[in-house]
Trainee: 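My questions all concern the structure below.
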Amino acid sequence: MSMEMEMNKLEATAAQQAAGDVAIGANIDKIYYGDFLAVRDAAVDIEKGKITGFIGPSGCGKSTVLRSLNRMNDLIPIFRLEGHVHFLGQDVYGKNVDPVVVRRHIGMVFQQPNPFSMSIFENVAFGLRLNGFKGDISGRVEKALRRAALWNEVKDKLKQNGLSLSGGQQQRLCIARAIATEPTVLLMDEPCSALDPIATRQIEELMLQLKKDYTVAIVTHNMQQAIRVADKTAFFSVDMTQGGRTGFLVEVGDTKQVFENPKENLTKEYLSGEFS
Amino acid sequence: MADKTKNAEPKVGSVSRPPTAFEYGYDKSFRILTLAAGVLTVLLLVYIFWKLGALAAPAMREYGLGFLTTVEWNPNKNEYGILAEIWGTLYSSFLALLFGGVLGISVAIFLTQGFLNARLAWVFRLIVEMLAAIPSVVYGLWGIYVLIPAIRPMANWLHETLPFIPFFSTKLAGPGMFPAMIVLSIMILPTVAAISQDAFKAIPMKIQEAAYGMGTTKWEAIRKVIIPTASGGIFASLVLGFGRALGETMALAMLIGNAQQVSLSLFSPATTLASLLASTFPEAGANQIGPLMYAAVVLLVITMAVNFIGTIIMNYTSRQTVT
Ligand SMILES: Nc1ncnc2c1ncn2[C@@H]1O[C@H](COP(=O)(O)OP(=O)(O)OP(=O)(O)O)[C@@H](O)[C@H]1O
Ligand SMILES: [Mg+2]
């Protein structure tokens, strides 16, 4: 019952938030895995209707921060966060907030394609059924598959198992599954890293299309990809001074500014390394 | 086209060399050994069928298919039929599959889906596995001295209150289908639990993440994603559990009451093929050996058929799910 209440509360504040242009306001002080301080000082706004890219060296906590935004990290028992993540006028780490509700509003696409072992149709309809959607399920499924640029390839085999598709198709199926319920924000953690260049381009195209209706945050290792798709870029780095390996946010700004005219030396060094 | 590599030499300093004659021989003898083991298994099965068939053949000719459809087993009049045994075998195994199966799958979910911390789960798993190590005759004794007295009041209350329901249409006087079914359920529980646990554990973390990422509660993730994904393994565990129940002998011979009758009632005594064989063979006269061999062949055929059909269904479904 508390879930229902939370849902209503979140929806009630949705209108207020619509006026502003920040979908998620993350103000993370510290993230621990057990005793290990994985991330510190990450304050980043995910702006509405834009794509925000997270870049930085391996292990700097990009995935950790991204997965904190919809409380996916709650699945890891030793995870602990200090700070706030504001979404629809509430702290998603607030006492009375059910992570299940947060995840229904903030969808996620993972690094490895992970369709369910069920038909293509049922994969996309999964969230609709889960949320008790009573309307035109087939219509929604088709719309999501079209937007994920997969419809033409699968329209004749919707009953086939989702796992029978190729890797790139599976990833687009996962995108369709995530957007079918029209979540407010879409998080993507290196969605193209398991894909070949052609499939990668298709997904990038798709992201640019999605931007019209969605707010997206994406982790990428590929600088070119960040330049191609991201409106805003957040650069993370690793601090090894105190013997640990703690990730932190170095700077965040418009993609053009971060790549062409970075404010911080760390960013400059990293980018010159990446592009040399 | 000319072979342009014909004058090329291996890289200087390369340690690559072909396997020695010994290494090839090793490889070959290993392959022959595994092949021999495989062939031996098949031969053994054929041999058992053949020998048993030869012993049963006279009775098969004499009693024909009527043997399978009549209930009487009367050596004095040379009347033999095993309908009650076939019924009792299938009914008791089916009931055990129903209860033991649900229980075993629940235990597997409980132990693999993060309801317990790792150490407690380990202890619990050990206990469930120990159920499989208890000898059948001990289950039988426990059934007679503990279980039957314990369930009798409830069984008789059910019979008195709801006598019109076929399952409760008789009193529980002592041994019978119900205690047999409970013990059989406990006996197949470790099989079902162990094999479906493997199926649950084989589900990659990324599938669970996908479910929770869609905003499922724990129960929704288990019901809508985890169980369907593991369904092939769960089915296999049920087939093996059913097979184990069909062949179980000692505990059933002690608990089922060995009464030749076909009844839906859970509380009336019944019998099974295995318990017929176990309890009749020791004192069987020469005229009974043939019919008993015939009954053994029937039991063997039923068990084989269950495993065979199970395997076929499993192959069919796993081809559909790819994983
Ligand atoms: N489940 C976990 N348990 C313990 N430590 C973890 C866990 N997940 C991540 N870490 C640690 O947190 C730090 C940040 O990891 P994270 O996966 O967020 O990095 P990343 O920036 O996404 O790296 P990559 O680019 O390689 O994916 C790393 O030092 C990592 O070892
Ligand atoms: Mg990562």
Side-chain angles (χ1 to χ4, degrees), chain A residues 3 6-7 63 66-67 69-77 98-119 122-132 159-165 170-171 173-174 177-181 183 186-189 194, chain B residues 105 108-122 195-237 313-323:
Chain A
M3 201 165 96
E6 288 306 328
M7 193 92 96
S63 303
L66 191 80
R67 295 162 63 96
L69 303 183
N70 69 342
R71 295 195 60 174
M72 272 312 284
N73 276 333
D74 286 33
L75 298 182
I76 301 163
D98 182 352
V100 166
V101 181
V102 176
R103 292 177 204 139
R104 289 187 184 189
H105 284 276
I106 306 179
M108 184 142 198
V109 175
F110 299 83
Q111 185 165 356
Q112 295 285 332
N114 53 5
F116 299 133
S117 174
M118 50 181 81
S119 73
E122 285 304 322
N123 262 285
V124 184
F126 187 86
L128 299 170
R129 298 200 199 285
L130 186 68
N131 287 279
K159 287 209 173 87
Q160 271 184 29
N161 196 295
L163 294 166
S164 65
L165 298 174
Q170 287 189 15
Q171 193 62 308
L173 179 63
C174 292
R177 179 178 68 190
I179 61 179
T181 55
L186 191 61
L187 308 178
M188 304 175 123
D189 191 352
Chain B
I105 295 167
I109 291 173
F110 183 63
L111 290 179
T112 54
Q113 298 306 307
F115 290 97
L116 295 176
N117 70 34
R119 181 173 310 203
L120 266 179
W122 182 80
I195 294 167
S196 34
Q197 269 186 72
D198 289 344
F200 285 121
K201 280 195 227 151
I203 298 175
M205 184 59 196
K206 65 175 188 178
I207 297 298
Q208 318 218 16
E209 278 189 333
Y212 289 111
M214 290 301 294
T216 60
T217 61
K218 186 164 194 144
W219 173 236
E220 284 165 342
I222 290 172
R223 190 166 56 90
K224 298 188 172 182
V225 176
I226 307 292
I227 292 179
T229 308
S231 57
I234 294 175
F235 185 78
S237 78
I313 295 178
M314 230 138 52
N315 283 346
Y316 176 71
T317 47
S318 69
R319 211 177 310 127
Q320 289 208 313
T321 52
V322 192
T323 40

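Below, chains carry the letters A, B, ... as their sequence lines are ordered, and counting in each starts from 1.
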Trainee: Among B/G213, B/P204, B/G114, which residue has the highest count of heavy-atom pairs closer than 4.5 Å to chain A?
Mentor: B/G213

Trainee: At what distance, to the nearest 0.5 angstrom, does CE of B/M214 lie from CZ of A/R104?
Mentor: 9.5 Å

Trainee: Please classify the contact of A/P113 with chain B as side chain, backbone, both or neither, using a heavy-atom distance under 4.5 Å.
Mentor: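 The backbone, not the side chain.
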
Trainee: At a heavy-atom separation under 4.5 Å, does A/R71 approach chain B through its side chain, its backbone, both, or neither?
Mentor: neither

Trainee: In the structure I gave you, are the side-chain heavy atoms of B/E209 and A/F110 within less than 4.5 Å of one another anywhere?
Mentor: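 Yes, close enough: below the 4.5 Å cut-off.
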
Trainee: Heavy-atom cut-off 4.5 Å, strictly under: side chain, backbone, both or neither for B/K218 against chain A?
Mentor: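 Neither part, no heavy atoms under 4.5 Å.
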
Trainee: Check whether A/L75 gets within reach of chain B through its side chain, its backbone, both or neither, counting any heavy atom under 4.5 Å.
Mentor: side chain

Trainee: With A/N114 as reference, evaluate B/Q208, B/K206, B/M205 under the side-chain contact (heavy atoms from CB on, under 4.5 Å) test and give the passing residue.
Mentor: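 With A/N114 as partner, side-chain contact (heavy atoms from CB on, under 4.5 Å) holds for just one option, B/K206.
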
Trainee: Heavy-atom distance under 4.5 Å between the side chains of B/T216 and A/F126, does that happen here?
Mentor: yes

Trainee: Where does A/P115 contact chain B at under 4.5 Å (heavy atoms): side chain, backbone, both or neither?
Mentor: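 Just the backbone, heavy atoms under 4.5 Å.
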
Trainee: For residues A/F116 and B/A210, report the shortest heavy-atom separation together with the two atoms involved.
Mentor: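 Closest approach of A/F116 to B/A210, heavy atoms only: CE2-CB, 3.6 Å.
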
Trainee: Salt bridge or not for B/E220 and A/R103, using N-O below 4.0 Å?
Mentor: no

Trainee: Which residues satisfy the side chain to side chain donor-acceptor pair (under 3.5 Å) test with B/Q197, sequence neighbours excluded?
Mentor: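 With neighbours one apart ignored, the set is B/R125.
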
Trainee: Going by the rule side chain to side chain donor-acceptor pair (under 3.5 Å), which residues pair with A/E122 if we only count those two or more places apart in sequence or in a different chain?
Mentor: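 By the side chain to side chain donor-acceptor pair (under 3.5 Å) rule, A/E122 matches A/R129.
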
